[in-house]
Amino acid sequence: MSPILEAHGLVKRYGHVTALDGADFELLPGEILAVIGDNGAGKSTLIKALSGALVPDEGRILLDGRPVHFHSPADARRAGIETVYQDLAVAPALDIAANLFLGREVRRKGVLGKVFRLLDTRRMQSEADAHMRDLKIGIGSMSQAVETLSGGQRQGVAVARSAAFARHVVIMDEPTAALGVKESGMVVDLIREVRERGLPVILISHDIPTVFDVADRIHIQRLGRRVAVVGPGDVDMAEAVAIMTGAAPGNTTRRD
Amino acid sequence: MPETTSTEPSGPAVADRAGRSRDAAAAVARFAAVPTVGPLAALLLACLFFSLSTDRFLTGGNLSLVVQQVMEVGTLAVGQTVVILTAGIDLSNGAVMAFGTIVMTRLAVGGDVPAPLAIVIGVVVCAAFGAVNGGLVTMARLPSFIVTLGTLNIAFALTHIYSHEQTVTGLPKALTALGETFPLGDTDVTYGSVVMLVLFAVAWYVLRFTAAGRHVYAVGDNPEAARLTGVSTRRLLITVYTVAGAVYGLAGLLLVGRTTVGDPQAGQTDNLDSITAVVLGGVSLFGGRGSIVGVLFGALIVGVIRNGLQLMGVASVYQVLITGILVILAVGVDRLARRRRQ
Ligand SMILES: Nc1ncnc2c1ncn2[C@@H]1O[C@H](COP(=O)(O)OP(=O)(O)OP(=O)(O)O)[C@@H](O)[C@H]1O
Ligand SMILES: [Mg+2]
């Protein structure tokens, strides 16, 4: 199977800190790929490069085998890559439907929409409702302000937004970091639900048990490079952590 | 509201009654949570108070006068509201308006520019000031408070330099047309009041029913989320400040219509008055929350209090005192509501 999203030799430097030091990356169609690594290993930087939030100094990114150059999150989004950010992703005072369609509002047809720019609020509400139900997120009313939701439900809104609009890839940077046990479980179910719909998911997480539970493959990042790709059935958690911290060798060689 | 913790209700009938009163309380709470209810209640209360205190308050002529007196500040508040919704603030609006009026009137009177063109130039100059505000806030990432404090002083100085400290008189008719009145029932209403109300209506529509309006709220609520979801926040902010500037130009035209002169001393406290109207209207100074309809009520509250106290013969410093207290109360309520949400 050829990868849907891949990167080769990504380098990103901040002054004399090298956040990415020739990192490779490969996401296969329909899989949940977890990215784990110690603090500062370059996970977020890698994901930012893939989602257009930053431009790498060196290296190539290919989507469906074709080279792509993202200069902003909007570029990546147009290419069908949606990202769920840890806690910055929603406008709390706006309602659920408004958040789901933020930046992609649907206008009424005809003169009302074209000339008077009138929003089709009802359509957005019903579509939002359909998306949320699709992902089995139980929230009563789409006209409820997001700030009235629990942390898990808010993350659900962010996930639903990505899943609704992503055509190729959904990226999630520590989606459960701020959540309690029960709410994390809810988000993990959501991640599986997204995969069921055929969308591959990149999941960055420090929660090793969850990673071993949901991931199809695990990308281990260390010192700005990918040092290993393992299957959750091939190694145990202790071994993965050992590779993460450098106590054990990885299994990928660096391509120069 | 009194706490109902004294006795536990017992028996189905009592429980039912308690349930019903809880429903009623919830309905009242929901009603009170609508952002325009507070300002409207305050406005009605003020009107009630003054109509009981003086029989000269509740007449068509006087109410029309109140609307006329809040015309410029109300119009300035339209621009101010949009800026504050994006979590900014505009201290320059009164000074920019004053500069606009001097540009319009001097061009039309001494500059041999046809009056309609002079008006357009005046409005464009005000919009340009807004664009500078917006540009500095977004590109240079300076706080709007500081930027607009700077442009306040620049506009103030330019006003005095360009006018040579002279009031411009003998204006052509086109410049004062909005000060003319038309009969409505048994009172006379100025066209300027209608312009202000139309601006409120347009702003209400845009803020409530268009994507641009939603983005204004989103940027004020969580700018990072807005940016990451694809809202072009810089372009939005520059547009907001520029449009606000153009609205200040229109406020200047209303001012000229009412006073029939170009006065370099005009508008010096209007920035604070417009902020007062916005705050009394229930718009959060932290951005992202509130309704422009509330701001119309807020502007009218200021007007009604000034007018009513004047009719009662209360010295004007007390009017200032009372509005000051009201502003602090309104900001306090906003703060409390915010804390409760978190
Ligand atoms: N904007 C920045 N400016 C300077 N240095 C940065 C910046 N962003 C990241 N870095 C540095 O790059 C390195 C990798 O950071 P990154 O955020 O990618 O790590 P991470 O694997 O996501 O870590 P964590 O698990 O803590 O989120 C770190 O040393 C970090 O200090
Ligand atoms: Mg990180």
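By convention in this document, chain letters (A, B, ...) are assigned in the order of the sequence lines, proteins followed by strands, and residues within each chain are numbered from 1.
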With chain B, the option among A/G52, A/P73, A/A145, A/P92 that has the most non-hydrogen atom pairs under 4.5 Å is A/P92

Residues 208-221 of chain B: residues contacting chain A (heavy atom under 4.5 Å, by number):
B/F209, B/T210, B/A211, B/R214, B/H215, B/Y217, B/A218, B/D221

Which atoms of A/T121 approach chain B - backbone, side chain, both or neither, heavy atom under 4.5 Å:
side chain

Given the options A/A98, A/A158, A/A74, which has more heavy-atom pairs under 4.5 Å with chain B than any of the others?
A/A98

Applying a criterion of heavy atom separation less than 4.5 Å, what residues of residues 232-239 of chain B form contacts with chain A?
none

I need the A/N99 CG to B/T229 OG1 distance, nearest 0.5 Å.
8.0 Å

Tell me, yes or no, whether the heavy-atom count around A/R197 atom CZ, taken from other residues, nucleotides or ligands under 6.0 Å, exceeds 12.
yes

Of all the heavy-atom pairs spanning A/A91 and B/N222, show the shortest one and how long it is.
CA-CB, 4.2 Å

Return the minimal non-hydrogen interatomic distance between B/G288 and A/A93, and the atom names on each side.
O-CB, 3.9 Å

Heaviest contributor of heavy-atom pairs below 4.5 Å to chain B, chosen from A/R78, A/R161, A/E82, is A/R161

Taking atom CZ of A/R192 as the centre, does the number of heavy atoms from other residues, nucleotides or ligands within less than 6.0 Å exceed 12?
yes

Report the residues that fulfil side-chain contact (heavy atoms from CB on, under 4.5 Å) with A/L50, sequence neighbours left out, ordered by chain and then residue number.
A/L5, A/A7, A/F25, A/L46, A/I47, A/I61, A/I171, A/I202

Which residues in residues 100-119 of chain A have any heavy atom closer than 4.5 Å to a heavy atom of chain B?
A/L102, A/G103, A/E105, A/F116, A/R117, A/L118, A/L119

